[in-house]
Structure formats: C-alpha cells, structure tokens
Amino acid sequence: MTRDDNDGKRPPDFIRAMVERDAESGKYGGRVATRFPPEPNGYLHIGHSKAIWISYGIAQEFGGTFNLRFDDTNPTGENQSYADAIIEDMRWLGVDWEDRLYYASDYFEQLYEWGEKLIRDGKAYVDSSTEAEIREYRGTVTEPGRNSPYRDRPVDESLDLFRRMRAGEFEDGAHVLRAKIDMAHPNMTMRDPLLYRIRHQHHFRQGDDWCIYPMYDYAHCLEDAIEDITHSLCSLEFKVNREIYDWILDAVGIERPRTEQTEFARLNIDYTIMSKRKLIQLVEDGHVSGWDDPRMPTVAGLRRRGVTPEAIRKFNEMIGVSDVDSRIEYSRLEYAIRDDLNWTSPRRLAVLDPLKVVITGYPEGEVEWVDAPEYPRDVGKEGTRRVPFTREIWIERSDFMEEPFRKFYRLAPGREVRLRHAYVIRCDEVVKDPESGEVVELRCSHDPETMGANPADGRKVRGTIHWVSAEHAVPAEVRLYDRLFSVPDPEADLEEGASFAMNLNPDSLVVVEDARVEPSLADDPPGTRYQFERHGYFMSDPEDSGSGRLVFNRTVTLRDSWAKIEAKRKGS
RNA sequence: UGGCCCGUGGUGUAAUUGGCAACACGCCUGACUCUGGAUCAGGAGAGUCCAGGUUCGAUCCCUGGCGGGCCAACCA
C-alpha cells in the first residue's frame with residue numbers, strides 16, 4: 001500500500017497542454033507519437049529518465065505510441081554494449097516500447113536519397129574546404145560568415161562528388177555535404193550546416209556498408225518524420241536547432257501536419273553532474289568503480305544503490321516539466337526514494353558500530369526468539385521474522401553517552417532505554433579500557449516484564465534503540481554512500497585549469513567492514529532491500545554480496561531529525 | 001558585441017479567456033509513537049527581476065532596462 005499520489009493531481013505542464021490541444025483539434029488525426037532517441041555512446045542517467053518519462057508518459061496518457069530509437073549516426077564511440085545497457089536500463093525503468101525498437105542507421109539509405117534530392121534541388125552542395133576553412137568561413141555569433149568557394153559548384157558536380165563520397169573514393173575530411181541556406185544567418189545553425197561527413201569507420205550495426213554518416217541536424221528530424229512522430233520532445237539546448245529541423249523537413253518535402261519539436265528544461269540535481277562526457281571521465285579516471293557505481297547518477301548506479309524504478313518515476317512526476325533552466329534540490333530525490341521504500345522495505349536490525357552490552361540479570365546460554373514484525377503498524381503489512389535475544393548483545397556505540405545532555409534520549413549511566421522488540425534495560429555500569437579510557441562494555445539490568453509490554457509501574461521510557469545478539473549476529477560489510485560532490489553545482493565557478501573533479505566529496509563512500517546484523521539477513525538473495533531501523537534503506541549488493549559474504553549498500557538515510565538537533569547543539 | 005530563449009517564497013512547479021499568488025520539497029512548532037522513521041496538526045517564508053505604460057484591476061498584455069541560459073564540433 002503506497003500512498004495515493006494521484007489525488008491532488010497537478011495541472012498539465014506546458015507540453016501536455018499542447019499535446020492535449022493537438023489531440024482535441026485533431027491536428028494529427030488525434031494521434032500521439034513520441035520517441036526517446038539515445039545515442040549508444042554512454043549510459044543512461046537520471047536526467048535521461050526525465051526525458052523518458054516525459055515522452056513515454058505522454059504517449060501513455062494520450063493513448064499514443066512510444067518508440068525507442070537509437071540515434072546511431074556517428075560510429076565514433078557508439079557500440080552495441082552501450083545499446084544493450086540502455087535497453088536493459090529502460091526495461092528496468094519499466095518502459096514498454098512494444099515492438100518499436102528502431103535504429104537510425106536503418107534509415108541510412110533513405111537519408112542518402114534525400115541527400116541527393118537536396119543536391120538536385122539546389123538545396124545542398126558538396127564542400128571541399130578543409131575543416132579549418134569551414135570553421136573560419138562560418139563567422140562568429142557576432143559576425144556573419146562568408147560563402148564557401150565551392151558553394152556554387154554545379155549540381156552535377158556535387159552529385160557526382162556525393163556519390164563518390166559514398167563509394168569510398170575519398171579520405172576522411174576531403175568533402176562534406178552542406179545545406180545551402182545563408183552564411184549570414186543570425187542563427188549559426190543555419191549557416192550552411194553540414195549534412196554528411198566522411199568517416200571510414202566500422203559501424204556497430206551497419207558494418208562497413210557506409211563511409212559517410214549523416215549529422216544530427218540532418219538526420220534527426222528525418223528520423224522523426226520516417227517514424228511519423230507527432231511530438232518530438234528534447235531538451236532546451238536544441239532550441240536553436242529547431243529552425244534547421246523545420247528547414248530540412250521542408251526541403252525534402254515532408255508535408256504538414258508533421259513532427260514538431262518542443263523543448264523542455266533538462267534535469268539538474270544538486271551535488272551531482274549530468275554531463276555524459278564528465279560521467280565518462282569519472283569512470284575512466286577511476287574516481288568511481290564504474291558506470292554502476294552506486295554514487296553515479298546513472299540508472300545503473302541508482303539501481304545498484306537500491307533505488308527503485310518506482311521512486312525514479314515518482315521523482316520525475318514530482319519535479320514537473322517546464323522550459324526554465326532549473327536545479328533540483330537533492331532532498332527531493334531523497335524524499336521520492338524514501339516515500340517509496342518506506343512502504344515496501346521490511347525492517348531489520350543492524351549495528352554498524354558495535355558496543356558490547358551484557359544484560360547481567362539474564363541467564364547465560366538462554367535464547368529467546370522474538371517474533372518481530374517486518375513492518376511498523378502504520379505501513380499496514382503483515383509478516384514477522386524471528387530475532388534472537390541473549391545475555392550479550394551489540395548496540396550502536398552512538399546510542400550510549402557517558403555524559404548525556406538534555407535531549408539525548410538513549411542510554412547513559414543510570415538511564416533506561418527500550419531495546420527494539422525486546423526489554424527495557426538500564427545502564428548500571430560502564431566498563432572502560434584502563435589504558436585508553438575507551439568504553440568497551442556496558443553492564444545493564446533488564447526489566448523482565450517489559451518484553452512486548454510497557455513498564456508495569458507506568459514509568460516512561462523515551463528512547464528505543466536497535467541491537468543484535470552477540471552470539472547470533474552475522475558480520476557484514478556496509479557501504480555508506482553519500483552525495484558524489486561536496487558542492488551543489490560542481491561545474492560552476494571553476495578557476496582556470498580547475499576540474500569539476502576537485503569538487504568530489506571525499507566521504508561519498510565510507511565502508512564499514514565489521515557491522516553486525518541480525519541473522520535473518522543471511523539467507524536472502526543479493527539485491528534484497530531493507531530498512532535498517534534508525535539508519536536508512538539498504539540493499540544487499542547484487543555483485544559482491546552472496547556465498548557467505550554479506551555486503552549492503554545504503555540507498556538513502558532515514559530522515560534524521562536527531563542529526564539536526566545535534567548539529568544545532570554543536571553549532572551554537 | 002549578434003540572434004534566440006527564460007526570469008513567481010530557499011528549491012521545483014501552479015494560478016485555466018487579466019480578478020488582491022496555490023501546491024510540493026525543505027525549514028520551524030506541536031501531537032502521536034517500542035524506529036529521534038512514518039503519520040497528523042499548525043507556522044514562518046514571495047507580493048511575482050526592475051522601471052514605466054494599457055486597464056476599474058496586471059504574475060498574465062506592451063515598451064525599455066537588468067539578470068541568467070543557449071548558439072561559432074566534420075558531437076548529439
């Protein structure tokens with residue numbers, strides 16, 4: 001039972017409002033068709049999940065279709081393993097494209113033919129300038145460009161050259177196909193944009209069939225047109241490309257109503273980065289263990305960290321869609337994750353920093369198996385597991401304070417505390433290492449009447465702490481993950497020559513080698529999620545946990561009002 | 001310096017053909033509690049970037065500033 005998240009439905013965002021208008025006006029015969037066009041040259045990250053949920057969500061809401069299309073128009077850096085990983089991630093996210101999995105490279109022949117048509121129509125020409133010349137002739141944002149000397153080359157000559165480009169007669173960079181638009185156009189993307197370049201490179205799907213490859217501005221709109229997309233949704237930085245999007249469609253003669261591009265703000269989240277290029281750098285420079293490092297904002301990383309697809313969906317719903325550049329607070333992601341996991345994760349007891357407690361009045365060798373509920377009452381789910389109670393237990397070192405201050409409700413000399421699912425105990429004696437002075441053991445008495453009951457005399461016990469039986473506890477490694485960067489915007493305000501990597505959070509991973517967890521955790525398969533009470537949500541690591549070894553990844557901490565009290569106390 | 005886009009509490013979104021700014025996260029209080037969790041109740045916090053204009057009335061329309069973003073890869 002998760003809380004209903006559809007009540008108090010928010011009004012449609014500007015894109016949904018547009019789609020709704022189009023659906024009602026019958027602009028596309030009532031049809032809605034969207035797509036997600038990843039380039040298979042990297043892993044999907046949470047920013048992509050936003051784009052996916054916009055396009056996929058809209059298709060679903062309006063009874064439309066959704067295509068997954070790989071935009072594999074540049075063989076450099078693209079490969080099948082990236083495509084496979086993207087497919088896996090999208091399936092995991094819960095996206096269903098049915099049988100509409102497409103590859104832009106399957107349209108190469110059609111794209112090529114349109115290229116010839118453009119030449120024949122005098123709308124494109126083969127330019128034999130060097131790369132540097134082309135750059136120079138393009139001008140700048142403030143100065144107009146100049147025409148290439150090849151711009152008025154006869155149609156037949158361009159056509160011949162274009163065919164020979166395809167045939168492989170030229171080296172990389174010898175010629176390019178360009179649209180003939182306007183070298184003085186205020187929009188730089190309209191200054192005779194490149195349509196095709198020569199690239200003698202093996203394509204992971206097309207092999208060596210092609211040595212010329214279409215550029216994004218030429219290919220993308222046509223891919224959309226071929227697939228009869230109605231609403232081509234992309235991020236804000238493509239706004240300037242919309243003009244060329246429409247120009248190409250006009251030039252090849254795609255008639256309206258036809259696909260139209262609409263841009264929305266891409267996702268930015270505090271304390272992380274979304275740039276694919278920089279994510280690659282983190283992997284390659286060894287700052288993280290891989291694309292699926294639980295600190296990475298990648299879908300694979302989030303998955304390994306223990307985040308659910310449902311939480312990602314909720315998060316995306318929560319943040320909305322607009323055309324204003326924005327940066328989402330990290331706490332919103334955490335909220336979405338907790339709001340999902342709270343209702344689905346069984347509770348367990350785990351002690352991360354063990355301190356020995358001896359229950360002096362409890363018989364040696366006795367074991368009580370307590371039926372502990374898997375969920376608190378308000379979650380409303382059934383189920384219990386058996387937790388052994390014995391004379392010697394481990395508690396969290398931070399749950400004891402020799403000189404407590406007023407608001408500390410846990411264990412202290414002479415104070416009482418509730419052991420979760422077990423007895424109320426009182427700390428009678430603090431045993432210290434004679435040399436270091438470190439507290440090594442607590443000797444406590446228990447109130448035998450308090451198992452599953454409040455103290456008979458009505459006295460109040462304010463705190464409840466978690467514990468595990470020393471005899472039965474299972475050792476485990478616990479990986480405490482935190483935000484990857486220590487500043488909200490790692491890419492902002494960098495000094496000359498400084499790298500965003502300098503903002504990496506040195507404490508983004510703290511490994512607890514020797515945690516003690518309740519024995520019921522030993523038998524679950526890797527990839528099982530829990531709430532470790534009073535700590536947070538954890539998932540056993542799918543790779544490293546198993547076969548006798550237990551490894552848990554912290555997905556997210558619990559909301560921690562204690563931490564605030566403590567921080568305030570230290571601060572003032 | 002050219003073109004285009006954007007500017008609503010700390011953050012993200014609302015405000016349906018102009019009608020004295022709403023919701024969520026966060027923050028603060030309190031209640032409840034065998035998780036300092038969850039839940040519940042309450043509160044603080046913007047007068048909508050600024051200045052003009054149109055209007056009985058402007059977050060919304062107009063003009064001019066200011067601030068931010070994008071664009072000068074044979075990347076997408």
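Letters A, B, ... are given to chains in the order of the sequence lines, protein chains preceding strands, and every chain is numbered from 1. What you see is a predicted model, and the numbers here were worked out from it, not measured in a lab.
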Suppose we call a contact any N or O donor and acceptor under 3.5 Å apart; does that hold for the side chain of E329(A) and the base of rG10(B)?
yes
Inter-residue atom distance L355(A).CG - S398(A).OG, 0.5 Å rounding
9.5 Å
C1' spacing across the pair rA58(B) / rG19(B), given as an integer number of angstrom:
10 Å
Nucleotide of rG36(B), rC74(B), rG37(B) approaching E131(A) most closely (side-chain heavy atoms)
rC74(B)
Please evaluate residues R266(A) and E237(A) with respect to the criterion salt bridge (Lys or Arg N to Asp or Glu O under 4.0 Å), reporting the C-alpha separation (whole Å), side-chain torsions for both, the decisive distance (0.1 Å), and the verdict.
CA-CA 9 Å; R266(A) 66 186 304 160; E237(A) 63 268 32; 2.5 Å; yes
Which is it for rG47(B), anti or syn, if anything within 90° of zero counts as syn?
syn
May I ask you to verify if any side-chain N or O of S322(A) is less than 4.0 angstrom from the OP1 or OP2 atom of rU13(B)?
yes
Looking at the side chain of R135(A), which of rC74(B), rU11(B), rC71(B) is the nearest nucleotide?
rC74(B)
Which listed nucleotide (rA76(B), rC71(B), rG12(B)) is nearest to the side chain of R332(A)?
rG12(B)
Of all the nucleotides listed (rC75(B), rU13(B), rU35(B)), which has the minimum atom distance to the side chain of S326(A)?
rU13(B)
So what does F238(A) hit on the nucleic acid, given a heavy-atom distance under 4.0 Å: a base, only sugar-phosphate, or nothing?
base
When you look at R397(A) and V351(A), which way does the side-chain contact (heavy atoms from CB on, under 4.5 Å) test go after all the steps?
CA-CA 9 Å; R397(A) 184 164 288 275; V351(A) 175; over 6 Å; no
Are R35(A) and E227(A) within salt-bridge range, i.e. N to O under 4.0 Å?
no
Does the rG36(B) base have a donor-acceptor partner in the side chain of R410(A) within less than 3.5 Å?
yes
hbond_proxy D560(A) side chain to rG37(B) base (donor-acceptor, 3.5 Å cutoff)
no
C1'-based separation of rG10(B) from rG26(B) [nearest Å]
8 Å
Atom NE2 of H466(A) to atom P of rG36(B): distance rounded to whole Å?
10 Å
OP1 or OP2 of rU11(B) versus the side-chain N and O atoms of R327(A): is any pair under 4.0 Å?
no
Ignoring hydrogens and geometry beyond distance, is a side-chain donor-acceptor pair present between D192(A) and Y125(A) at under 3.5 Å?
yes
Scan nucleotides 28-30 of chain B against the protein and return all N/O pairs shorter than 3.5 Å with their distances rounded to 0.1 Å.
none

Inspect the surroundings of CZ in R462(A) and state if more than 12 heavy atoms from other residues, nucleotides or ligands are less than 6.0 Å away.
no
Think R199(A) has a side-chain N or O under 4.0 angstrom from the OP1 or OP2 of rC75(B)?
yes
Where the side chain of R418(A) is defined as all heavy atoms beyond and including C-beta, which of rC34(B), rA14(B), rG26(B) is the nearest nucleotide?
rC34(B)
Quick one: label G77(A) by what it contacts on the DNA or RNA (base, sugar-phosphate, nothing), any heavy atom closer than 4.0 Å.
nothing
L236(A) CG to rG12(B) P: how many Å, rounded?
14 Å
Would you say the side chain of R191(A) and the base of rA72(B) hold a donor-acceptor pair, judged only by whether the two atoms sit under 3.5 Å apart?
no
note: L267(A), atom CG; rG69(B), atom P; distance rounded to Å ~ 18 Å
What distance separates L341(A) CG from R338(A) CZ, expressed to the nearest 0.5 Å?
10.5 Å
Without decimals, in angstroms, what is the distance between F315(A) CZ and rU11(B) C1'?
11 Å
Between R569(A) and rG36(B), does any side-chain N or O lie under 4.0 Å from OP1 or OP2?
no
For the atom pair CG (L349(A)) and NE2 (H535(A)), what is the distance rounded to the nearest 0.5 Å?
9.5 Å
Counting the atoms with a prime plus P, OP1 and OP2 as sugar-phosphate, which does A453(A) contact under 4.0 Å by heavy atoms, base, sugar-phosphate, or nothing?
base
Based on Watson-Crick and G-U pairs with both distances under 3.5 Å, what dot-bracket line describes RNA chain B 5' to 3', crossing pairs as [ ] and inter-strand pairs as |?
.((((((..((((.....[..)))).(((((.......))))).....(((((..]....))))))))))).....
Can you tell me the distance, in whole Å, between the CZ atom of R16(A) and the C1' atom of rU13(B)?
13 Å
NZ of K381(A) versus P of rA38(B): gap in Å, rounded?
17 Å
What nucleotide, of rU13(B), rC71(B), rG36(B), holds the atom closest to the side chain of V324(A)?
rU13(B)
With a non-hydrogen cut-off below 4.0 angstrom, is T140(A) in contact with a base, only sugar-phosphate, or nothing?
base
Under a 4.0 Å threshold between the charged nitrogen and the carboxylate oxygen, would E20(A) count as salt-bridged to R16(A)?
no
Which nucleotide in the set rA24(B), rA14(B), rG37(B) lies at the smallest distance from any side-chain heavy atom of P376(A)?
rG37(B)
Looking at rA38(B), I'd like to know if its phosphate oxygens (OP1 or OP2) sit under 4.0 Å from a side-chain N or O belonging to R559(A).
yes
Please pick, from rC74(B), rC5(B), rU11(B), the nucleotide with the shortest atom-to-atom distance to any side-chain atom of K239(A).
rC5(B)
Under the 3.5 Å rule, do the base of rU35(B) and the side chain of Q531(A) count as making a donor-acceptor pair?
yes
Does a side-chain N or O from Y335(A) land closer than 4.0 Å to OP1 or OP2 of rC25(B), or not?
yes
Given rU13(B), rA76(B), rA72(B), the nucleotide with the shortest approach to the side chain of D71(A):
rA76(B)
Among rC71(B), rA76(B), rC25(B), which nucleotide sits nearest the side chain of N241(A)?
rA76(B)
Could you tell me whether the phosphate oxygens of rA72(B), OP1 or OP2, come under 4.0 Å of any side-chain nitrogen or oxygen in T142(A)?
no
Conformer about C1'-N of rA22(B) - syn within 90° of 0, anti elsewhere:
anti
Evaluate the criterion salt bridge (Lys or Arg N to Asp or Glu O under 4.0 Å) for residue pair D447(A) and R459(A); output intermediate values, then yes/no.
CA-CA 12 Å; D447(A) 180 341; R459(A) 67 185 194 279; 3.0 Å; yes
Give a yes/no answer on whether the side chain of R377(A) brings an N or O atom under 4.0 Å of OP1 or OP2 in rC32(B).
no
Between T464(A) and Y409(A), a side-chain donor and acceptor under 3.5 Å
no
Check ion pair R327(A)-D489(A) (N to O, under 4.0 angstrom)
yes
Do the charged groups of R332(A) and E329(A) touch, with an N to O distance under 4.0 Å?
no
Have a look at Y375(A) and say if it touches a base, only the backbone sugar-phosphate, or nothing, with a 4.0 Å heavy-atom cut-off.
nothing
Rounding to a whole Å, what distance do you find between I54(A):CD1 and rU13(B):P?
11 Å
Can a side chain N or O of S561(A) be found less than 4.0 Å away from OP1 or OP2 on rG37(B)?
yes
When the distance from CZ of F14(A) to C1' of rU59(B) is rounded to whole Å, what number comes out?
18 Å
